[in-house]
Student: 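Below is the structure I would like to discuss, written out as structure tokens.
Computed from heavy atoms alone, side chains included, the values below leave out hydrogens, waters and symmetry copies. In what follows, every chain begins at residue 1, and chains take the letters A, B, ... in the order their sequences are listed.
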Amino acid sequence: MIVKGARVLDGSANAMMKGKGTEDDRPWQSYHTVYTTAKAGMELVDKEKVQRVVYEMSKGSKYFQNEERKEAFIKQKIDNLRIQCANLTQEDLAHYQKVADRRIVELEASRDLSRIWLHVDMDAFYAAVETLSNPTLKGKPMAVGSMSMLSTANYEARKFGVRAAMPGFIARKLCPELIFVPTDFKKYTYYSDLTRKVFGRYDPNFIAGSLDEAYLDITEVCRERNVKSEEIAQELRAGVYEETGLTCSAGVAPNRLLAKVCSDINKPNGQYVLPNDRMAVMTFVSSLPIRKIGGIGKVTEHILKGVFGINTCEQMLEKSSYICAFFSQSTADFFCSVGLGLGQTDSPQVRFRKSISSERTFSATKDEVLLHKKLEELAEMLSADMQKEGLSGRTLTLKLKTASFEVRTRAVTLQKYISSSEDILKHAKKLLQAELPISVRLIGLRVSQFNGDKCSAKSDPTQKTITNFITSGDVNRNCSSFPDVADHDFVSNAETDMSIDSRQTGQLDWRDPFDGNYLSDVDYQSCTVQKSDGVEEVQTSSNDATSSHYSGLTEVLGSTSYLGQVEGINVKNGSNLLEDERLDSCCQEKTMLWLNDYKCSLCGIELPPSFVEERLEHSDFHLAEKLQKEESSIHQKSVPSQSKGQKDGVTRQSKSKKQKLSQKEGSYTPIDYFFVKK
DNA sequence: GCGGATCAC
DNA sequence: TATGGTGATCCGC
Ligand SMILES: Nc1ccn([C@H]2C[C@H](O)[C@@H](COP(=O)(O)OP(=O)(O)OP(=O)(O)O)O2)c(=O)n1
Ligand SMILES: [Mg+2]
């Protein structure tokens with residue numbers, strides 16, 4: 001790791017440099033947006049034209065200037081890394097090559113080709129739903145969203161380069177005929193429920209991700225019915241179409257990471273099966289661009305490409321020595337596993353939300369009276385959302401986006417847990433006050449550190465928790481798991497050792513997406529426990545070689561999917577009591593959850609979320625039943641409270657992290673520790 | 001515990 | 001005219 005002379009900069013990195021004068025002649029080429037990255041339905045678009053239009057429409061704006069600032073920062077990091085890279089000696093490289101080779105062997109040993117995973121993703125979901133309600137939109141370019149921002153666009157619009165996350169006014173420039181339709185979440189949730197009923201036929205414990213996608217372990221169905229995965233995929237897609245009138249695409253592979261990639265291959269209305277065969281997987285992955293992997297986003301792609309010349313998954317292995325030299329072990333493991341086509345194959349665990357927030361964008365202002373009003377509204381919205389789920393927390397974070405698009409967050413951790421709008425507002429005001437005067441275009445409030453959360457408490461594995469109850473009751477992966485974190489520190493020790501400008505290098509870390517983010521709100525909502533004080537976590541003992549972390553989106557979904565589907569209804573709604581006491585008293589084994597958001601965890605009856613009244617009645621029924629039992633069996637609280645369940649969950653999380661860590665130090669199953677950070 | 005950042009939908 | 005909202009996690013402090 002000593003930095004010395006011999007330069008070993010790899011040639012492909014040089015290939016990335018642009019020719020002289022290019023930027024001056026075609027400035028739009030240097031404005032990197034996400035709009036030109038591969039996306040279904042955009043294969044034939046004239047990317048150059050789109051890039052040019054986006055550039056022309058954005059140029060000079062505050063938004064644009066901020067993007068330029070961020071890009072310059074990343075570029076500098078890349079330059080620094082390249083220098084570090086060039087300074088590696090042959091000895092350094094030889095050393096890291098050994099480390100990498102050893103790691104790759106370990107990862108390979110963890111490969112599990114015994115499961116068959118299917119990832120299903122609806123086609124242009126919001127847009128497709130809108131077209132169902134208004135058939136006259138059929139065949140015309142249309143987008144869901146506003147002139148400021150689009151949620152998605154149908155395939156006709158995509159031919160023009162119009163896509164999700166693009167401002168509507170730019171989309172209209174690309175496609176003057178574009179029809180705008182406002183978003184209507186109720187509709188999307190309704191149709192999402194319908195699709196999930198179909199998914200449940202093939203895997204009752206499917207992992208729901210966002211509203212429009214899910215992972216199914218179809219190993220058993222294929223075996224029991226003695227049919228090929230391809231037929232299951234066909235049948236499932238036909239079923240979804242029959243029930244909803246919507247088309248979807250599916251991907252089948254030995255693990256979730258690859259299944260997710262596969263579902264995108266023949267989208268829309270198509271499917272792709274990657275057989276459970278090592279050679280097939282290796283071939284598939286060899287030419288696969290790393291950007292297709294869940295968790296590898298724009299920045300990560302730029303860095304890997306710019307510093308090491310890595311474009312495909314296969315190159316992750318070719319450059320494994322560099323990867324091991326520059327990244328934390330967890331990150332290196334993740335990258336190498338991507339090169340091997342490994343991904344999670346186990347059943348995820350359930351996780352519960354760790355924060356709840358509300359934010360709004362408005363025209364920039366520095367009018368303090370106005371800002372206070374916005375803050376008040378947010379406090380009320382947030383408080384209402386928290387009460388719906390019986391949450392209270394002790395950390396409040398204020399988020400501000402300045403008129404120049406810079407984002408700032410300011411947080412305070414209180415002694416007591418709060419949930420009322422008054423309490424939230426009181427503390428939020430103080431945080432805001434300290435930033436004044438300031439011109440902002442967005443204000444957000446977030447509450448975390450919930451009552452019931454335990455930071456590092458240890459749980460007694462022998463204890464019977466709701467979690468266990470549920471698990472045994474067969475919830476399993478339905479309730480998905482969270483993503484564990486994945487973050488990597490991009491820059492690794494090597495960098496640190498080399499003493500790079502800490503300002504830049506210091507932060508190259510990025511998190512791995514794999515874990516976590518994938519989940520969407522929706523999921524969350526469905527996953528959260530309503531009207532309950534605590535939440536519990538359903539957990540399965542998954543000990544796949546591949547640990548939860550690394551699998552990218554899959555994991556993200558998987559891990560993230562909080563389950564989108566577990567909705568628990570709980571007994572008392574403890575308003576803000578003291579954590580432990582309240583928790584302990586409130587829940588029991590009888591906690592009821594809506595698995596996958598439609599099936600009762602206690603009796604199996606199916607009731608979609610839209611059946612609000614029916615659900616309430618149903619939960620009341622179980623509640624009454626439970627209370628009755630409680631009375632009869634006097635004390636006997638063998639089962640921990642719901643909150644406790646949550647605690648356990650949290651605990652578990654930390655535990656798993658520790659495990660990973662220790663593995664790291666020792667020499668253990670690799671994947672398990674992907675993403676573990678030093 | 002705080003702040004900044006990435007990623008996903 | 002105009003570039004979203006929600007959630008998770010990480011690392012370095
Ligand atoms: N930045 C984004 C991306 C997506 N979505 C919403 C709208 C999409 O309809 C839905 C599903 O996201 P997908 O990435 O699956 O995109 P689509 O389903 O619209 O298109 P497709 O899956 O066919 O590519 O999530 C959003 O609000 N904001
Ligand atoms: Mg989709």
Student: When you measure from the side chain of A:Val299, which nucleotide among C:dG7, B:dT6, C:dG5 comes out closest?
Tutor: B:dT6
Student: What nucleotide among C:dG4, B:dC9, B:dG1 has an atom nearest to a side-chain atom of A:Asp212?
Tutor: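 Looking only at heavy atoms from C-beta outward on A:Asp212, the closest nucleotide is B:dC9.
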Student: Between A:Tyr155 and A:Arg158, is there a cation-pi geometry (under 6.0 Å to ring centre, at most 45° from the normal)?
Tutor: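 Checked: cation-pi criterion met.
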Student: Taking atom C1' of B:dG4 as reference, at what distance in whole Å does atom NZ of A:Lys399 sit?
Tutor: 11 Å
Student: Measure CG/A:Leu174 against C1'/C:dA2 and give the value in whole Å, please.
Tutor: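 Atom CG in A:Leu174 sits about 15 Å away from atom C1' in C:dA2.
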Student: For A:Phe450 and B:dG1, give me the distance from atom CZ to atom C1', rounded to whole Å.
Tutor: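 Value for this atom pair: 16 Å.
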Student: Taking only heavy atoms on the protein side, list every residue of residues 163-173 of chain A lying under 4.0 Å from any atom of DNA chain C, sorted numerically.
Tutor: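 Those residues are A:Ala165, A:Pro167, A:Phe169, A:Ile170, A:Arg172.
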Student: How close or far is atom P of B:dA8 from atom CG of A:Leu211, stated in whole angstroms?
Tutor: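 Value for this atom pair: 18 Å.
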Student: Counting only side-chain N and O atoms of A:Arg360, is one of them less than 4.0 Å from OP1 or OP2 of C:dT6?
Tutor: yes
Student: Pick base, sugar-phosphate or nothing for A:Arg410, based on heavy-atom distances below 4.0 Å to the nucleic acid.
Tutor: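 A:Arg410: backbone/sugar contact only, no base atoms under 4.0 Å.
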Student: A:Lys186: which residues meet the side-chain contact (heavy atoms from CB on, under 4.5 Å) condition with it, sequence neighbours left out?
Tutor: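 Expected list: A:Asp184.
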Student: Cationic tip of A:Lys374 within the cone over A:Phe362's six-membered ring, i.e. under 6.0 Å and within 45° of the normal?
Tutor: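 Yes, a cation-pi geometry holds between A:Lys374 and A:Phe362.
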Student: Look at the side chain of A:Ser357 and decide which nucleotide, out of B:dC9, C:dT6, C:dG4, has an atom nearest to it.
Tutor: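 For A:Ser357, the side-chain atoms sit closest to C:dT6.
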Student: Counting any heavy atom closer than 4.0 Å, what does A:Lys70 reach on the DNA or RNA strands: base, sugar-phosphate only, or nothing?
Tutor: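 Since no nucleic acid heavy atom lies under 4.0 Å of A:Lys70, the category is nothing.
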Student: Can you tell me if NZ on A:Lys298 sees more than 12 non-hydrogen neighbours from other groups inside 6.0 Å?
Tutor: yes
Student: Just how far, in rounded Å, is P of C:dG5 from CG of A:Leu150?
Tutor: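 Spelled out: CG on A:Leu150 to P on C:dG5 is 14 Å.
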Student: Please pick, from B:dT6, C:dG7, B:dG1, the nucleotide with the shortest atom-to-atom distance to any side-chain atom of A:Thr300.
Tutor: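 Of all the options, the side chain of A:Thr300 is nearest to B:dT6.
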Student: How long is the span from the NZ atom in A:Lys292 to the SG atom in A:Cys262, to the nearest 0.5 Å?
Tutor: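 Those atoms lie 11.0 Å apart.
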Student: Check every strand shown and say whether A:Thr395 touches a base, only sugar-phosphate, or nothing at a heavy-atom separation below 4.0 Å.
Tutor: sugar-phosphate
Student: Is A:Thr152 close enough to B:dC9 that one of its side-chain N or O atoms is under 4.0 Å from OP1 or OP2 there?
Tutor: no
Student: Can you tell me if the side-chain N/O atoms of A:Arg394 get under 4.0 Å from OP1 or OP2 in B:dG1?
Tutor: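 Checking B:dG1 against A:Arg394, a side-chain N or O does come within under 4.0 Å of OP1 or OP2.
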Student: Side chain of A:Ala411 only, please: which of C:dT6, B:dG3, B:dA8 is the nearest?
Tutor: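 Per side-chain heavy atoms of A:Ala411, the pick is B:dG3.
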Student: So, are A:Glu213 and A:Lys260 salt-bridged, with charged N and O less than 4.0 Å apart?
Tutor: yes
Student: Looking at residues at least two apart in the chain, or sitting in another chain, which of them share a side-chain hydrogen bond (donor to acceptor under 3.5 Å, both in side chains) with A:Arg408?
Tutor: A:Glu435
Student: Between A:Asn66 (CG) and B:dT6 (C1'), how many Å, whole number?
Tutor: 14 Å
Student: Using a heavy-atom cut-off of under 4.0 Å over every strand shown, decide if A:Tyr188 touches base, sugar-phosphate, or nothing.
Tutor: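 Nothing: the residue A:Tyr188, judged by heavy atoms under 4.0 Å, touches no strand.
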Student: Considering only B:dT6, B:dC2, C:dT6, which nucleotide approaches the side chain of A:Ile74 most closely?
Tutor: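 Nearest to the side-chain atoms of A:Ile74, counting from C-beta on, is B:dT6.
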Student: I want to verify a distance call: between C:dT6, C:dG5, B:dC9, whose nearest atom is closest to the A:Lys260 side chain?
Tutor: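 Nucleotide nearest to A:Lys260's side chain: B:dC9.
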Student: Looking only at side-chain atoms of A:Glu359, point me to the closest of B:dA8, B:dC2, C:dT6.
Tutor: C:dT6
Student: Which comes earlier along DNA chain B counting from the 5' end, the contact point of A:Arg446 or that of A:Arg291, where each point is its nearest nucleotide?
Tutor: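 Closer to the 5' end of DNA chain B: A:Arg446.
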Student: If each of A:Tyr35 and A:Ser358 is mapped to the nucleotide of DNA chain C with the nearest heavy atom, which maps nearer the 5' terminus, i.e. the 5' end?
Tutor: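 Residue closer to the 5' terminus by nearest nucleotide: A:Tyr35.
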Student: How many Å lie between CE on A:Met57 and C1' on C:dT1, as a whole number?
Tutor: 10 Å
Student: Find the distance between NE2 (A:His427) and CG (A:Leu432) and round it off to the nearest 0.5 Å.
Tutor: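 Answer for the NE2-CG pair, A:His427 versus A:Leu432, is 14.5 Å.
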Student: Is any side-chain N or O of A:Thr409 closer than 4.0 Å to OP1 or OP2 of B:dG4?
Tutor: yes
Student: Base, sugar-phosphate, or nothing for A:Ser61, non-hydrogen atoms under 4.0 angstrom?
Tutor: base
Student: Within a reach of under 6.0 Å around NZ of A:Lys366, are more than 12 heavy atoms found that belong to other residues, nucleotides or ligands?
Tutor: no
Student: Measure NZ/A:Lys39 against C1'/B:dC9 and give the value in whole Å, please.
Tutor: 9 Å
